[in-house]
Amino acid sequence: MAAAKPGTPQNQGDSAPYLEGLNDEQRTAVLTTDGPVLMLAGAGTGKTRALTTRLAHLLHTERAQPYQILAVTFTNKAAREMKERIQTLVGDSVEGMKWLGTFHSIAAQILRRHAELVGLKSSFTILDADDQVRLAKQVIEAANIDEKRWTGRGLAAVIDGWKNRGLVPEKVPADEAYHFADGKGIQLYKAYQSRMITLNAADFGDLLIHNLVIFQNNPDVLAEYQRRFSYMLVDEYQDTNVAQYLWLRLLAQRHKNICCVGDDDQSIYGWRGAEVENILRFEKDFPGAAVIRLERNYRSTPAILGAASGLIASNKDRLGKTLWTESEDGEKVRVRGVWDGDEEARLIGDDIESEQSKGRSLSDMAVLVRASFQMRAFEERFNTLGLAYRVVGGPRFYEREENRDALAYLRLIRSPDNDLAFDRIVNKPKRGLGNKALQVLHKIARAQGIPLMAASRIALESSELHAAARRSLLNFVDNVDRWARDAKDMAPADLAELVLEEAGYIEMWKNSKSPQAPGKLDNLKELIQAVSEFETLEGYLDHVALVSELNENTGDGQIWLMTLHAAKGLEFPVVFLPGWEEEIFPSKRSLDENGNAALEEERRLAYVGVTRAEESCRISFAANRQIYGRWQSAMPSRFIDELPEEHVEVFSEQGLYGNTATSFSSQSSFDNIDIKEDAYYENPGWKRARNASSRGSIKPKTIDGRGKTLSIGATGKSKFKIGTRVFHQKFGYGKISSVEGQKLTVNFDHSGIKKVIDTFVEAA
DNA sequence: CCGGTATGTCTTTTT
DNA sequence: GACATACCGG
């Protein structure tokens, strides 16, 4: 562990009321206002409190005016929360903090002011991920590259990767060109960028890249912002990518009052370009930086904290923290092995009902999964039980087909040059303007270097289109023109309604016999409702570009269901962590792509999961699971083995983790368990598991102090030998091809080769 | 031009 | 198993 080097708190004597109740470290973090500060804040250590108080302190002591503070977060939600909490501390002067927001929204603000310096107009549109892929695809098509091999999606990902690293096409290392389309990667990147300029558009990565270019080429502009931002604060610093890091470093050069807050153990966005390196390197980047560690945890019980700490200790390259708590001992972390995914959902459902019957609110409980496909089993189970639940993160509102279509209409009305919008809705609903007509328009547009709307007008004058197509296109163009006039003196919500109605778009869904149609109509109503909160169409479209969700409805009385990623920053009294199986968690795909770095990131994800829990943390794994419609056998996650056994209690039928009686404690904690609480031992699911395994006694076990971590995986010896024919409940008959501890590799007659635990097969 | 079937894909996700 | 895209036949 690196030695902590707390900075000298300036103004130590300050005794403003907002400082009350802070612990020493938090207080130091608030009062060390000048110079670079790295605040290493472990999970549940009151980070947000320290950070908002710090901002309040800067304002209160008039070290800075609200508009001189740059405060960046990653999500809109985090920005909103920060604003609200500062407001409770300093009141309305928070309104002056116009530089409080996400990286992207602040970069967009700056770019709008200087757009012409990179060849854009300040009215540029911001493209979302879907548009990016579409555009990338067009670029590939135009370059005559095999679209089967090199997809738009792939190109968009490569370009995104470069942008995350702050690389404009000219700066991409030559040897990286070969990663895509036989060396054409950079050329395609260039083509993509010039297409963006023609469209007067910027994607999310561009917002930052353009900022960097502007700052580097225009020292006067950079100096202006450097002067302005006398204090800077960055939340979730461990999630910054290189581009964001460069941006921050440029802006901080003058005053050097930059405070970065983060936790290297919670860096879980590496796959999106985040560099943990940024936080590990902070003291080198900013010599003389004060490093303040927040290590007192106010959230979880000692067992939960102990389990999490033990788990994360397997990672190398950590700055190192020792979390501690004064809270009372609570229950140990529970690990439960079950037969299959259905049973897992059933048992968790039962647990939730039993907690509920003890008076716990549903909104105090959360199910956190590795990947969203795991959610379905729980949704189904909750539905049959009649339990209210709420999915966080699911399909995003503005990414839904109908909403994107509606937005395309509005965007086209606002900027007729928006070819992407034109493409999207010119034939939606069907107007008889299919591929052929579109090809004509594209040809004209490309030949003359004009937008598709303008090309349409020319096509109408020519005879290149059939009469029917021409009539239809004329009608469409006239409509768009008329709506653009209407837009000038109509409330945006009224306009949206009028347009969708007159375009026949509402009608299209009303006539649709798709089972999803009613839901889509509801979404359109919601969208119009959302528009009505804005006074101008521009205001609305600008807002939408940087926000993917509607304002969240509160989750009172509903179980939370979300991915581990979505859970970062949240906390719940009871947390369920299902699906702790090899290949799912850690995710095989992730490991295949990024090896050990990915494994460490998966482990951090596990750490994030466990540390969300305040009182009760319940991990589970299933021996069999249906993935993509196929049954797969699964081994318990290595992360389960890494949990320190003193903090863990295993509830499972004996066979599941393959231990013989001797490798377990003979001391059973069964007698200590409140039967009402753990009624699942008598419920149908449990009985089924018992019958299915058709083996021995089922008792919960406590692990005693022999050995340091759990050994649920491959301990014990199997009684089976290579070559033995066996029978498995789900996979049928097969022959053993290898034995490793109690893991068997079996070649099943009908299900192929699988790894199974020996207690799940019997000699045939 | 449209609507049907075949084929391929399937983390994590904010902006 | 579900969904999206792609291609083919009417």
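Model, not experiment: these values are computed from the prediction. Numbers restart at 1 for each chain; the letters A, B, ... are given by sequence-line order, proteins then strands.
- Phe382(A) and Tyr389(A) have tilted rings, their planes meeting at an angle from 30° to 60° on a 0 to 90° scale.
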Item to check | Sugar-phosphate or base contact per nucleotide [nucleotides 3-10 of chain C; S, B, -; heavy atom under 4.0 Å] | outcome: ---SS---
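- If you measure from atom CG of Asn164(A) to atom P of dT15(B), you get 15 Å, rounded to the nearest angstrom.
- Note: CG (Asp160(A)) to C1' (dT14(B)) measures 11 Å, nearest angstrom.
- Within the nucleic acid shown, Gly432(A) comes within 4.0 Å of sugar-phosphate atoms alone, with no base atom in reach, counting heavy atoms only.
- Residues passing the salt bridge (Lys or Arg N to Asp or Glu O under 4.0 Å) test with Glu571(A), sequence neighbours excluded: Arg299(A).
- Between Lys163(A) and Asp203(A), at least one side-chain nitrogen of the basic residue sits less than 4.0 Å from a carboxylate oxygen of the acidic one, meeting the salt-bridge criterion.
- Between Asp131(A) atom CG and dT15(B) atom P the separation is 16 Å, expressed in whole Å.
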Side-chain donor-acceptor pairs of residues 268-275 of chain A under 3.5 Å, sequence neighbours excluded:
| from | atom 1 | to | atom 2 | distance (Å) |
| --- | --- | --- | --- | --- |
| Trp271(A) | NE1 | Ile268(A) | O | 3.0 |
| Trp271(A) | NE1 | His565(A) | NE2 | 3.3 |

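- Residue contacts for Lys588(A): at a heavy-atom cut-off of 4.0 Å it reaches no nucleic acid atom on any strand shown.
- Straight-line distance from the CG atom of Leu207(A) to the P atom of dT15(B): 13 Å, rounded to whole Å.
- Using a 4.0 Å heavy-atom distance criterion, Arg376(A) is classed as a sugar-phosphate-only contact.
- Across the protein-nucleic acid pair, Phe74(A) atom CZ and dT15(B) atom C1' stand 10 Å apart, rounded to whole Å.
- More than 12 heavy-atom neighbours from other residues, nucleotides or ligands sit within 6.0 angstrom of NZ on Lys428(A).
- In this structure, Asn76(A) reaches the dT15(B) phosphate: one of its side-chain N or O atoms is under 4.0 Å from OP1 or OP2.
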Checklist entry - When every nucleotide of nucleotides 4-12 of chain B is labelled 5' to 3' by its protein contacts under 4.0 Å (heavy atoms), B for base, S for sugar-phosphate only, - for none, what sequence of letters results? => result ------BBB
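- If you take CG of Asp203(A) and P of dT14(B), they are 17 Å apart, rounded to a whole angstrom.
- With sequence neighbours excluded, the residues satisfying side-chain hydrogen bond (donor to acceptor under 3.5 Å, both in side chains) with Thr240(A) are Asn278(A).
- Using bins of under 30°, 30° to 60° and over 60° for the plane-to-plane angle, the ring pair His543(A)/Phe534(A) lands in the tilted bin.
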Item to check | Residue pair Phe124(A), His210(A): steps toward the ring pair (Phe, Tyr, Trp, His ring centres under 6.0 Å) verdict | outcome: CA-CA 12 Å; Phe124(A) 66 85; His210(A) 286 324; 7.9 Å; no
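- For the pair Gln244(A) CD and dT13(B) P, the interatomic distance rounds to 18 Å; values are reported in whole Å.
- Scored by the salt bridge (Lys or Arg N to Asp or Glu O under 4.0 Å) test, Glu236(A) finds Lys47(A), Lys568(A) as partners (sequence neighbours excluded).
- Rounded to a whole Å, the NE2 atom of His104(A) is 12 Å from the P atom of dT14(B).
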